[in-house]
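Working notes, beginning with the structure itself.
Just so you know, these numbers use all the heavy atoms, side chains as well, and skip hydrogens, waters and symmetry mates. One is the number of the first residue; the rest follow in order along the sequence. When a ligand or atom number is given, it counts from 1 through the structure's own listing order.
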Amino acid sequence: MTHQPIRKAVFPVAGLGTRFLPATKAIPKEMLPVVDRPLIQYAVDEAREAGIEQMIFVTGRGKSAIEDHFDIAYELERTMTDRNKDISVLEPTRLGPGNCAYVRQQEPLGLGHAIWCARDIVGDEPFAIFLPDEFMHGSPGCMAQMVEAYHRLGGNMISVLEVPHEKVSSYGVIAPGKSHGAVTEVLGLVEKPKAEYAPSNLIISGRYILQPDVMRVLERQEKGAGGEIQLTDAMAQMIGKQAFHAVTFDGKRYDCGTKVGYIEANLAVALGRPDMADDVRAIALDLLR
Ligand code: UTP
């Protein structure tokens, strides 16, 4: 059986980024760089690698830097070309008009609400979601691994990873069923459970492939944990009606929504870069002495 291809991705980037203030007062959290690329660029590259063609950004006030980042910077390119500088580094930042769309979430009412704001552009086809502050580092990328599983199984897919049990209450948690390799059946989902009631220590880690029916559930605008419209609650209502699986990412995930996770991501990427690894290693060792 062939399943409808995943052509569109939604990037909810309308959050307030309060954990990174004051850095995120005037620039969005998603523009924070890991070494020399903003978080949002890594997410878009991961989507492209998975064969996704259209990027849909759900933005809010103060997020225009993201639109500028994916636009053509005429003055910059002209000046660099005049000075015989290589502009190929800008290549991945260009998203043509057919490849990107922006919608506004006027109030930050929650992740579920942000996704619902993209309903008209998504239309009636399965789509991917990326939370750019979850930085997924590996090859093939996390979404490519999920798309591979989706082509076999169809339905809905989320990426999961294991965390120490006492940390589950900050995340969406799955109730797992049977596993085959990296793929686990999802029997239930709960957002930010108390550790003692959590059905497992497998948390949802910022990547989703969902059927368009989720938009009709989100339409009801029901509020969940923290008074926000939660994507996890909407997905939970689809379990039992449609196939629902979790994919454990073969790679490393850094939670760049937290300061420590963000520092870890920068160090890990820098230590993997041939142009700087030796220098960064020497600096780190020196600081630790
Ligand atoms: P977070 O829970 O990380 O919230 O949102 P946040 O506002 O970005 O950051 P903090 O907690 O204040 O530091 C998870 C994802 O959902 C998006 C965010 O942009 C982020 O990608 N989001 C969240 C929205 O787009 N709209 C919302 O109303 C809430």
Side-chain angles (χ1 to χ4, degrees), residues 8-34 38-44 46-47 55-67 69-70 100-119 121-122 127-136 142-143 158-161 163 167-173 189-193 203-208 210 214-215 218-219 221-235 253-263 265:
K8 300 182 181 182
V10 179
F11 300 82
V13 292
L16 299 176
T18 53
R19 283 171 292 174
F20 264 97
L21 284 169
T24 48
K25 185 179 171 197
I27 59 155
K29 171 169 77 173
E30 298 76 14
M31 285 302 291
L32 294 176
V34 172
L39 283 166
I40 189 74
Q41 181 74 58
Y42 287 99
V44 164
E46 185 188 326
M55 315 298 165
I56 304 163
F57 300 92
V58 182
T59 68
R61 271 177 296 284
K63 301 279 179 171
S64 54
I66 294 178
E67 294 180 41
H69 179 77
F70 290 111
C100 70
Y102 296 89
V103 285
R104 282 263 190 166
Q105 184 192 25
Q106 289 183 316
E107 280 178 278
L109 298 177
L111 175 59
H113 181 260
I115 301 303
W116 180 76
C117 290
R119 65 197 178 284
I121 308 177
V122 167
F127 64 105
I129 301 172
F130 291 74
L131 307 193
D133 58 352
E134 297 266 1
F135 176 47
M136 310 301 266
C142 183
M143 187 52 71
I158 49 180
S159 71
V160 290
L161 57 93
V163 295
K167 295 219 168 139
V168 292
S169 50
S170 309
Y171 301 98
V173 180
L189 288 166
V190 46
E191 185 63 33
K192 300 188 174 62
I203 62 153
I204 308 173
S205 62
R207 301 290 182 274
Y208 313 70
L210 297 178
V214 74
M215 295 297 190
L218 287 167
E219 186 92 42
Q221 313 259 322
E222 289 160 8
K223 291 189 175 148
E228 296 195 336
I229 299 168
Q230 297 287 357
L231 181 61
T232 305
D233 297 345
M235 293 190 302
R253 165 262 195 183
Y254 302 98
D255 182 358
C256 288
T258 72
K259 287 171 224 179
V260 173
Y262 176 69
I263 301 289

(message) Heavy-atom contact check, 4.0 Å cutoff: does Gly110 meet ligand 1?
(response) yes
(request) State, yes or no, whether a side-chain contact exists between Asp233 and Glu222 at a heavy-atom distance under 4.5 Å. (result) no
(request) Could you tell me whether a side-chain N or O of Arg207 sits under 3.5 Å from a main-chain N or O of Leu131, the two making a donor and an acceptor? (result) yes
(request) First locate atom CD of Glu30, then atom CG of Asp133, and finally report the distance between them rounded to the nearest 0.5 Å. (result) 6.5 Å
(request) Return yes if some donor-acceptor pair links the side-chain N/O of Gln105 with the main-chain N/O of His113 below 3.5 Å, else return no. (result) no
(request) Please state which part of Val13 comes within less than 4.0 Å of ligand 1, counting heavy atoms only: side chain, backbone, both or neither. (result) backbone
(message) So if I count the atoms of ligand 1 from 1 in the order they appear, which ones are less than 4.0 Å from some heavy atom of Asp133?
(response) 3 (O)
(request) Report the nearest protein non-hydrogen atom to atom 14 (C) of ligand 1: residue, atom name, distance rounded to 0.1 Å. (result) Leu131 CD1, 4.4 Å
(request) Do me a favour and list the nearest non-hydrogen protein atom to atom 25 (O) of ligand 1 with residue, atom name and distance? (result) Ala14 N, 2.9 Å
(request) Report yes or no: does Thr232 contribute a side-chain atom to a donor-acceptor pair with the main-chain N or O of Gly172 at less than 3.5 Å? (result) no
(message) With heavy-atom distances below 4.0 Å as the criterion, list the atoms of ligand 1 near Leu109.
(response) 28 (O)
(message) Suppose we measure from atom 12 (O) of ligand 1 to each protein heavy atom; which comes out shortest, and what is that distance?
(response) Thr18 OG1, 2.5 Å
(request) Please write down residue, atom name and distance for the protein heavy atom closest to atom 24 (C) of ligand 1. (result) Gly15 N, 3.5 Å
(message) With a 4.5 Å cut-off on side-chain heavy atoms, are Phe70 and Val44 touching?
(response) yes
(request) For atom 2 (O) of ligand 1, state which one of Lys29, Glu107, Arg19, Glu228 supplies the nearest heavy atom. (result) Arg19
(request) Considering heavy atoms of the protein only, find what lies nearest to atom 16 (O) of ligand 1 and give residue, atom and distance to 0.1 Å. (result) Leu111 CD1, 3.6 Å
(request) Could you list which atoms of ligand 1 come closer than 4.0 Å to a heavy atom of Glu30? (result) 19 (O), 21 (O)
(message) Under 4.0 Å from atom 9 (O) of ligand 1, can you find at least one protein heavy atom?
(response) yes
(message) I'd like to know if the side chain of Tyr262 and the backbone of Pro33 have a donor-acceptor N/O pair within less than 3.5 Å.
(response) yes
(message) Taking 4.0 Å as the limit for heavy-atom contacts, which would you say applies to His113 with ligand 1: side chain only, backbone only, both, or neither?
(response) neither
(message) Checking a contact table here: which protein heavy atom is nearest atom 7 (O) of ligand 1, and how many Å away?
(response) Leu16 N, 2.7 Å
(request) Look at atom 20 (C) of ligand 1 and say which protein heavy atom is nearest, naming residue and atom and giving the distance to 0.1 Å. (result) Pro12 O, 3.9 Å
(message) Is it the case that ligand 1 has an N or O less than 3.5 angstrom from some N or O of Gly257?
(response) no
(message) Could you check whether any heavy atom of Val58 sits closer than 4.0 Å to an atom of ligand 1, since that is the contact criterion I want to use?
(response) no
(message) Can you tell me how the ring of Tyr102 sits relative to the ring of Phe57, calling it parallel under 30°, perpendicular over 60° and tilted otherwise?
(response) parallel
(message) Is there a side-chain contact between Tyr208 and Leu231 in this structure, where contact means two heavy atoms from C-beta onward sitting under 4.5 Å apart?
(response) yes
(request) Spell out, as yes or no, whether a donor-acceptor pair under 3.5 Å connects the side chain of Lys8 to the backbone of Ile121. (result) yes
(request) Would you mind running through ligand 1 and noting each atom that sits below 4.0 Å from a heavy atom of Gln105? (result) 24 (C), 25 (O), 26 (N), 27 (C), 28 (O)
(request) Under 4.0 Å from a heavy atom of Ala114: give me the atoms of ligand 1 that qualify, with their elements. (result) 24 (C), 25 (O), 26 (N)
(request) Report yes if some heavy atom in the side chain of Trp116 is under 4.5 Å from a heavy atom in the side chain of Gln221; otherwise report no. (result) yes
(message) Closer than 4.0 Å to some heavy atom of Pro108 - which atoms of ligand 1 meet that?
(response) 28 (O)
(request) Please tell me if the side chains of Cys256 and Phe135 come closer than 4.5 Å, counting only heavy atoms from C-beta onward. (result) yes
